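These notes are about the structure you will find just below.
Keep in mind that what you see is a predicted model, and the values were worked out from it rather than measured. Atom set for the values below is all heavy atoms of this structure, side chains included, hydrogens, waters and symmetry mates excluded. In what follows, residues are counted from 1 in the order of the sequence shown.
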Amino acid sequence: SNYEIDLFVNLINAAAKATGCKDTSENSLKVIADHIRSCSFMIVDGVVPSNEGRGYVLRRIIRRALRHGHKLGQSKPFFHKLVKALVKEMGEAYPELAKQQAMVEKLLKQEEERFAETLDQGMTILEEAISNLKGKEIPGETLFKLYDTYGFPVDLTADIARERGLSIDEAGFEKAMDAQRDRARSTKSFSVDYNKDLKLEGETRFTGYEHLIDPCKITDLYIGDDAVDTIQAGQQAMVVLEQTPFYAESGGQVGDAGRLISGKAVFRVDDTQKQGDVFVHLGEVTEGSLKKGETVEAQVDASKRQATAFNHSATHLLHAALRQVLGDHVAQKGSLVDAEKLRFDFSHFEPVSPEQLKTIEEMVNEHIRVNHAVDTQLMAHKEAITAGAMALFGEKYGDEVRVLSMGDFSVELCGGTHVNRTGDIGLFKIVSESGIAAGVRRIEAVTAQNALQYIEESEQQLVNIASMLKANRETAQDRVQQMLERNRQLEKELEQIKSKLASNQGSDLISQAHEIGDTKVLAARLDGMDVKTLRTTLDQLKDKLGSAAIVLGAVNDGKVSLIAGVSKDRTDRIKAGEMPWLAGSEAKAVGGPIWPRLAAQIRPLSTARWPQSLLG
């Protein structure tokens, strides 16, 4: 068997060591050894764990390996440790594996830590469900609960079921999923009167690469779902043209806006969408009326188209820069390009550092200054891929594709509208970077006039801050640093003052302590104190009272703090967490609406309220 060759024997031994399993004949070790190979090579090839496409395949394989480790008794992260053993076995034959070892380890460890809690919770619930099972099938409701509430994959549940000689109710699971989808759909509201289920036949020829104004014949008119022959002023409608210069939303680029004009009739186009191969112009008749069959002059809003082209072309440069700075594992996971900004989602396993963002931004601006010609060619899909064009995984492409090149820096398949030269973009500025899902990051940026406006606004903010600090732009940073240092110094002085006040209050409180048997008991309310000061006061009271049990409460800015303590010589008899005002129901109550009544009643408590153990 494959598992008896040197490669697998060594990986199995490494897996046994990582999981603490002494029996190397365990089948789970074979699964783990096999999965570390597939997972590592997928990551090296640019796949990252996600909830869709090949990223989901990778995530399922990782989680299956983790489940087998859990089965062997290993609840701590272990899988990423096997990459080193894999590199030792296969790194010479596959140098890229050794080169990206640290990245593969980091990504696997993150995925392990993310799934650890899910695995523990899911296994607990599943084991309980199996123990209470009357037949041989795990109900669909259980599968759905595990998946929906705890993120426990159905295929993992199916694996466990097979090992126990059980089956799963897939039909019941799908029924529960359908019910959830129906609930989700019923809560959605649509702001656009556009029925995407409307089936339109035919094809609209796009002329927008060459023209922004074009005479076009109206082939269909719709108001809602109804086909009509005429639309009048004030009516919202959908217009279908035989050909159009309007770009329909696709590839992350928003649809064009503009006007359709026929004599005195004007149709304002607010958006352009695709229905199959048909372009649908959505908007409202602002003047006159339009009839099916007549010819209109289609006018695209040139300023919006140009601003959108700036952002779309910059997105291609950004994608190329991300791959150069962060690595080839970066892949587009979504984008939005309009006239105001660009938004680009990409696969990456950690936040992009400020230094990396600076490098990426500088690289994009460098290629803007180089002023590459933006070249587009139509070629066969296979030919384009062979030529090095980047295709997006999961996208559907025809036999003939449009290849967009910006020098030799960026070559991608794209049907969007772009600038003629990269220099037309003018300026690129990153506005934000954030995480939107596990293994997916998002960058938002602006270009051209919007980038210049963003910088001008940032500079004005700096000028305003400098004015508030009675400084100028050059000295504002030093002045802020001085203020922060001064603030820290004042906070220290305030802490010292609070500590002295606490000490004085502590001395005053000693006289309020009650002796119960051989233990002094004190419960008091000290409003205005923060938790740290309450803790300091509690420690001082324990020192001064000797054998004691103490409860302190405070209301500070509308928030309640409770703290309890017991002197060391009484900890064997009294548990602080069981003392009055900290016992479960009473501690929870202070966070609710009845707190004002309880807070007003905090006072030295009668002996009847203290645990029997305290009374000796």
- Any side-chain heavy-atom pair of Asn420 and Val374 under 4.5 Å: no

- Item | Interatomic spacing from CZ in Phe79 to CZ in Arg63 - rounded to 0.5 Å | 13.0 Å

- Ignoring hydrogens and geometry, is there a side-chain-to-backbone donor-acceptor pair from Ser347 to Ala331 under 3.5 Å? yes

- Item | Val401 and Leu378, any side-chain heavy atoms less than 4.5 Å apart | no

- Item | Side-chain donor/acceptor of Asp271 to backbone N/O of Leu282, under 3.5 Å | no

- Query: With sequence neighbours left out, what residues match Tyr94 under ring pair (Phe, Tyr, Trp, His ring centres under 6.0 Å)?
  - Reply: Phe41

- Is the closest side-chain heavy-atom distance between Val83 and Lys81 below 4.5 Å? no

- Answer whether the closest heavy-atom distance between the side chains of Met363 and Leu317 falls below 4.5 Å. no

- Message: Surrounding CG of Asp408 (heavy atoms of other residues, nucleotides or ligands, distance under 6.0 Å), is the total greater than 12?
- Response: no

- Query: Does the side chain of Glu491 come under 3.5 Å of the side chain of Gln489 through a donor N or O and an acceptor N or O?
  - Reply: no

- Message: Using only atom types and a distance under 3.5 Å, with no angle test, would you say the side chain of Asn365 pairs donor to acceptor with the backbone of Glu361?
- Response: yes

- Check the pair Gln253, Thr417 against side chain to side chain donor-acceptor pair (under 3.5 Å), reporting the backbone distance first and the verdict last. CA-CA 8 Å; Gln253 181 175 327; Thr417 60; 2.8 Å; yes

- Task: Might you point out which heavy atoms bring Leu108 and Ser40 nearest each other, and give the distance in Å?
- Result: CD1-OG, 4.5 Å

- Query: Can you tell me if Gln273 uses its side chain to pair, donor with acceptor, with the backbone of Glu249 under 3.5 Å?
  - Reply: no

- Message: Quick check: do Lys274 and Phe279 have side-chain heavy atoms less than 4.5 Å from each other?
- Response: yes

- List for me each residue that meets ring pair (Phe, Tyr, Trp, His ring centres under 6.0 Å) alongside Phe346, sequence neighbours excluded, and say none if there are none. none

- Task: Examine distances only and state if a side-chain atom of Ser561 and a backbone atom of Ala554 form a donor-acceptor pair shorter than 3.5 Å.
- Result: no

- Sequence neighbours excluded, which residues qualify as salt bridge (Lys or Arg N to Asp or Glu O under 4.0 Å) partners of Glu112? none

- Determine the minimum heavy-atom distance between Cys414 and His418, stating which atoms define it. SG-NE2, 3.4 Å

- Task: Could you tell me whether the side chain of Thr422 and the main chain of His372 form a donor-acceptor pair under 3.5 Å?
- Result: yes

- Taken in chain and number order and not counting sequence neighbours, the residues that satisfy side-chain contact (heavy atoms from CB on, under 4.5 Å) with Asp539 are Arg535, Lys542

- Item | Heavy-atom pair of closest approach, residues Leu241 and Ala298 | CD1-CB, 4.4 Å

- salt bridge (Lys or Arg N to Asp or Glu O under 4.0 Å) contacts touching residues 466-479 (sequence neighbours left out): Glu459-Arg473

- Message: Quick test of your reading: applying salt bridge (Lys or Arg N to Asp or Glu O under 4.0 Å), list the pairs with at least one residue in residues 95-106, sequence neighbours left out, ordered by first then second residue.
- Response: Lys106-Glu350

- His367 and Phe409 aromatic ring geometry - parallel, tilted or perpendicular at 30°/60° bounds: parallel

- Query: Do side-chain atoms of Thr272 reach the backbone of Ala248 as a donor and acceptor pair under 3.5 angstrom?
  - Reply: no

- Task: Kindly determine whether Asp214 and Gln243 satisfy side chain to side chain contact (heavy atoms under 4.5 Å, CB included), including the steps that lead there.
- Result: CA-CA 9 Å; Asp214 208 10; Gln243 64 183 42; 2.9 Å; yes

- Message: Run the side chain to side chain donor-acceptor pair (under 3.5 Å) test on Gln460 and Glu456 for me, step by step, so that the C-alpha distance in whole Å, both residues' side-chain angles and the decisive distance to 0.1 Å come before the verdict.
- Response: CA-CA 6 Å; Gln460 187 58 50; Glu456 287 173 348; over 6 Å; no

- Message: Whether the side chain of Ser458 engages the backbone of Tyr454 through a donor-acceptor N/O pair (distance < 3.5 Å, no angle test) should be reported.
- Response: yes

- Message: Between Met103 and Ile43, is there a side-chain heavy-atom distance shorter than 4.5 Å?
- Response: yes

- Partner residues of Phe246 under the ring pair (Phe, Tyr, Trp, His ring centres under 6.0 Å) criterion, sequence neighbours left out: His281

- Query: Between Met42 and Val57, is any pair of side-chain heavy atoms under 4.5 Å apart?
  - Reply: yes

- Item | Set of residues satisfying side-chain contact (heavy atoms from CB on, under 4.5 Å) with respect to Thr376, sequence neighbours excluded | Arg402, Leu404

Throw together a table of side-chain donor-acceptor distances under 3.5 angstrom for residues 435-447, partners on residues two or more places apart or in other chains.
unit_1 : atom_1 : unit_2 : atom_2 : d
Arg441 : NE     : Glu433 : OE2    : 2.7
Arg441 : NH2    : Glu433 : OE1    : 3.1
Arg441 : NH2    : Glu433 : OE2    : 3.1
Arg442 : NE     : Asp345 : OD1    : 2.7
Arg442 : NH2    : Asp345 : OD2    : 3.1
Thr447 : OG1    : Asn311 : OD1    : 2.6

- Any idea which heavy atoms bring His319 and Val330 closest together, and the distance? NE2-O, 4.2 Å

- Query: Taking 4.0 angstrom as the limit, do Glu485 and Arg488 come out as a salt bridge?
  - Reply: yes

- Task: Side-chain contact test, heavy atoms from C-beta onward, threshold under 4.5 Å: evaluate it for His348 versus Val352 and give yes or no.
- Result: yes

- Task: Considering non-hydrogen atoms only, spot the tightest contact between Ala448 and Phe310 and give its length.
- Result: CB-CD1, 3.5 Å

- Message: Tell me whether Arg305 contacts the main-chain N or O of Gly208 through its side chain, where contact means a donor paired with an acceptor under 3.5 Å.
- Response: yes

- Item | side chain to side chain contact (heavy atoms under 4.5 Å, CB included) evaluation trace for Leu336 with Val254 | CA-CA 7 Å; Leu336 173 66; Val254 298; 3.7 Å; yes

- Message: Could you report the tightest heavy-atom contact between Pro49 and Ile62, atom names first, then the distance?
- Response: CG-CD1, 4.0 Å

- Task: Verify side chain to side chain contact (heavy atoms under 4.5 Å, CB included) between Thr537 and Leu552, making sure each step is shown before the conclusion.
- Result: CA-CA 9 Å; Thr537 305; Leu552 300 178; 4.1 Å; yes

- Task: Apply side chain to side chain contact (heavy atoms under 4.5 Å, CB included) to the pair Gln356 and Thr359, showing each step before the final yes or no.
- Result: CA-CA 5 Å; Gln356 289 172 324; Thr359 301; 5.6 Å; no

- In Å and rounded to the nearest 0.5 Å, what is the CG to CG distance from Asp301 to Asp270? 11.0 Å

- Would you check if the side chain of Asp338 reaches a backbone N or O of Lys341 as a donor-acceptor pair within less than 3.5 Å? yes

- Message: Among residues at least two apart in sequence or on other chains, which ones pass side-chain contact (heavy atoms from CB on, under 4.5 Å) with Thr475?
- Response: Ala471, Asn472

- Task: Would you kindly say whether Ser250 and Tyr247 are connected by a side-chain donor-acceptor distance under 3.5 Å?
- Result: yes

- The salt bridge (Lys or Arg N to Asp or Glu O under 4.0 Å) partners of Lys76 (sequence neighbours excluded) come to none

- Quick one: side-chain contact (heavy atoms from CB on, under 4.5 Å) partners of Glu287, sequence neighbours excluded? Val266

- Go through the steps to decide whether Ser405 and Asp375 satisfy the test side chain to side chain donor-acceptor pair (under 3.5 Å), and finish with yes or no. CA-CA 5 Å; Ser405 304; Asp375 179 58; 4.8 Å; no

